[in-house]
S.K.: 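Got a structure here, written out as structure tokens. Questions coming.
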Amino acid sequence: MASKEKIHLVDAGLKINSPYPTILRTERDVDLIISLDFSAGDPFETVFSAKEYACQQKLPFPPVNESVREENDHPQDCYVFEGRRPEEPTVMHMPLFNLQNCQGEEEIKKEREKYTTFQQHYGAPEIEHLLKKAKDNLKNNKYRILEQIFLAVKRRKNRKSVAQ
């Protein structure tokens with residue numbers, strides 16, 4: 001890629017604006033999903049759509065409390081929806097624009113309006129800005145991510161020892 005002057009990126013979200021359908025297939029046996037939500041508007045739309053999709057397809061998915069929708073205009077940087085049964089993955093959902101990397105609801109709103117779904121082209125400054133926001137989310141949640149990875153590995157080991 002370094003030798004190319006331009007690269008073209010395509011959104012991987014098909015059915016529900018996120019690649020959940022491919023990840024939730026039972027043969028994948030997923031323990032942890034880190035959901036980086038970059039969609040415009042409702043930062044919880046993809047996770048609720050994924051929950052609905054999983055329910056329709058009879059696929060395991062953790063409970064997602066409807067009350068998080070009240071935080072639509074002022075989301076936190078990370079939500080953990082824990083699987084309650086061994087076959088349910090845990091979902092870490094991270095809205096791109098949130099109270100940790102924006103200065104309140106007004107800035108969140110401005111950022112969402114600036115980066116709309118149907119904008120065809122973003123220049124280098126806009127891409128760098130989005131990458132910084134995403135990197136900040138990951139840095140701010142490094143220990144939560146590591147903790148959830150540790151817990152997922154532990155659950156997997158427990159599941160295997162029970163099966164033997």
Side-chain angles (χ1 to χ4, degrees), residues 1-25 28 30-57 59 61-83 89-149 152:
M1 270 195 325
S3 65
K4 304 264 183 183
E5 266 188 50
K6 289 184 178 182
I7 63 169
H8 298 276
L9 304 174
V10 178
D11 190 341
L14 299 172
K15 184 172 175 70
I16 54 177
N17 199 28
S18 187
Y20 276 106
T22 57
I23 294 169
L24 291 174
R25 293 174 29 205
R28 291 205 182 246
V30 173
D31 296 301
L32 177 64
I33 298 170
I34 300 175
S35 168
L36 304 175
D37 189 85
F38 297 167
S39 47
D42 182 353
F44 303 106
E45 181 180 348
T46 57
V47 78
F48 279 104
S49 294
K51 178 184 171 188
E52 183 181 325
Y53 172 83
C55 184
Q56 290 170 351
Q57 300 297 317
L59 298 170
F61 201 80
V64 180
N65 193 330
E66 285 286 332
S67 66
V68 298
R69 288 192 189 268
E70 295 169 13
E71 298 179 30
N72 182 26
D73 295 329
H74 53 274
Q76 298 300 314
D77 59 345
C78 183
Y79 296 84
V80 178
F81 305 110
E82 291 185 44
T90 290
V91 175
M92 292 187 77
H93 187 70
M94 303 173 78
L96 178 61
F97 303 121
N98 56 67
L99 289 175
Q100 282 64 39
N101 68 10
C102 293
Q103 303 299 312
E105 285 186 35
E106 280 305 308
E107 185 180 340
I108 292 170
K109 183 179 177 184
K110 285 179 185 176
E111 292 282 22
R112 287 179 182 167
E113 290 170 356
K114 184 176 172 184
Y115 297 99
T116 64
T117 303
F118 299 107
Q119 184 171 338
Q120 293 293 315
H121 174 76
Y122 291 111
E126 292 87 8
I127 292 170
E128 288 300 320
H129 179 73
L130 289 172
L131 286 172
K132 181 176 179 349
K133 293 286 187 186
K135 286 178 186 178
D136 287 348
N137 280 352
L138 293 170
K139 281 184 207 172
N140 292 342
N141 289 287
K142 175 182 175 180
Y143 294 106
R144 286 182 87 180
I145 293 167
L146 291 172
E147 176 186 40
Q148 289 303 318
I149 291 170

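All heavy atoms count here, side chains included; hydrogens, waters and symmetry mates do not.
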S.K.: Is the closest side-chain heavy-atom distance between Val91 and Phe61 below 4.5 Å?
M.R.: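 Touching, per the 4.5 Å side-chain cut-off.
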S.K.: Only pairs at least two apart or in different chains count here, so list each salt bridge (Lys or Arg N to Asp or Glu O under 4.0 Å) that has a residue in residues 90-113.
M.R.: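 As it turns out, the salt bridge (Lys or Arg N to Asp or Glu O under 4.0 Å) pairs with a partner in residues 90-113, which skip direct neighbours, are Glu107-Lys133, Glu111-Lys133.
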S.K.: NE2/His74 to CG/Asn98 distance, rounded to the nearest 0.5 angstrom?
M.R.: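 With rounding to 0.5 Å, NE2 (His74) is 12.0 Å from CG (Asn98).
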S.K.: Specify the closest pair of heavy atoms between Phe38 and Leu96, including all atoms of both residues, with the distance to one decimal.
M.R.: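 The pair with the smallest heavy-atom distance is CD2-CB, 3.6 Å.
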S.K.: Do the side chains of Asn65 and Phe81 get nearer than 4.5 Å, heavy atoms only?
M.R.: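 No, every pair of side-chain atoms sits at 4.5 Å or beyond.
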S.K.: Search all heavy atoms of Thr90 against all heavy atoms of Gly83 and return the closest pair with its distance.
M.R.: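 Taking every non-hydrogen atom into account, OG1-N, 3.3 Å.
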S.K.: What are the two closest heavy atoms between Gly41 and Asn72, and how far apart are they?
M.R.: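 Closest approach of Gly41 to Asn72: O-OD1, 4.1 Å.
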S.K.: Are Tyr115 and Tyr122 near enough that their ring centres are under 6.0 Å apart?
M.R.: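 Yes, the ring of Tyr115 comes within the 6.0 Å limit of the ring of Tyr122, centre to centre.
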S.K.: For Glu128, check side chain to side chain donor-acceptor pair (under 3.5 Å) against everything at least two apart and list the hits.
M.R.: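 Side chain to side chain donor-acceptor pair (under 3.5 Å) check on Glu128 returns nothing, list empty.
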S.K.: Taking side chain as C-beta onward, heavy atoms only, is Phe97 less than 4.5 Å from Pro43?
M.R.: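 A side-chain contact is absent here, since even the closest heavy-atom pair is not under 4.5 Å.
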S.K.: For Asp73, enumerate each residue passing the salt bridge (charged side-chain N to carboxylate O under 4.0 Å, His left out) test, keeping only those at least two apart in sequence or located in another chain.
M.R.: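 By the salt bridge (charged side-chain N to carboxylate O under 4.0 Å, His left out) rule, Asp73 matches no residue at all.
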S.K.: At what distance, to the nearest 0.5 angstrom, does CD of Glu66 lie from CZ of Phe44?
M.R.: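 Taking CD in Glu66 and CZ in Phe44, the distance rounds to 11.0 Å.
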S.K.: Side chain to side chain donor-acceptor pair (under 3.5 Å) with Asp37: which residues, sequence neighbours excluded?
M.R.: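 Counting only residues at least two positions away or on another chain, Asp37 forms a side chain to side chain donor-acceptor pair (under 3.5 Å) with Ser39, Thr46.
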S.K.: How many angstroms lie between CG in Asn141 and CD in Gln76, if you round to the nearest 0.5 Å?
M.R.: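 These two atoms lie 10.0 Å from each other.
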S.K.: Which heavy-atom pair separates Met94 from Asn137 by the least distance, and what is that distance?
M.R.: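 So the minimum-distance heavy-atom pair works out to CE-O, 3.3 Å.
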S.K.: Closest approach of Ile149 and Leu32, non-hydrogen atoms and distance?
M.R.: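 Closest heavy-atom pair between Ile149 and Leu32: CG1-CD2, 3.7 Å.
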S.K.: Just wondering, do Leu24 and Arg28 contact through their side chains at under 4.5 Å, heavy atoms?
M.R.: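 They are not in contact (no side-chain heavy atoms under 4.5 Å apart), so the answer is no.
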S.K.: Tell me every residue that passes side chain to side chain donor-acceptor pair (under 3.5 Å) with Arg144, counting only those two or more places apart in sequence or in another chain.
M.R.: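 Counting only residues at least two positions away or on another chain, Arg144 forms no side chain to side chain donor-acceptor pair (under 3.5 Å).
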S.K.: Any non-hydrogen side-chain atom of Leu59 less than 4.5 Å from a side-chain atom of Pro21?
M.R.: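 Of all side-chain heavy-atom pairs linking Pro21 with Leu59, none is under 4.5 Å.
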S.K.: Could you verify whether a donor N or O on one side chain and an acceptor N or O on the other, from Tyr20 and Ser35, lie under 3.5 Å apart?
M.R.: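 Short answer, yes.
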S.K.: What are the two closest non-hydrogen atoms of Val30 and Ile23, and how far apart are they?
M.R.: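 Result for this residue pair: CG2-O, 3.4 Å.
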S.K.: Distance alone, cut at 3.5 Å: any donor-acceptor contact between the side chains of Asp77 and Asn101?
M.R.: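 On atom types as modelled, these side chains do not qualify, holding no pair under 3.5 Å.
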S.K.: List the residues meeting salt bridge (charged side-chain N to carboxylate O under 4.0 Å, His left out) with Glu147, not counting sequence neighbours, and say none if there are none.
M.R.: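 So Glu147 forms no salt bridge (charged side-chain N to carboxylate O under 4.0 Å, His left out) with any residue.
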S.K.: From Cys78 SG over to Ile34 CD1, what is the distance, rounded to the nearest 0.5 angstrom?
M.R.: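 With rounding to 0.5 Å, SG (Cys78) is 8.5 Å from CD1 (Ile34).
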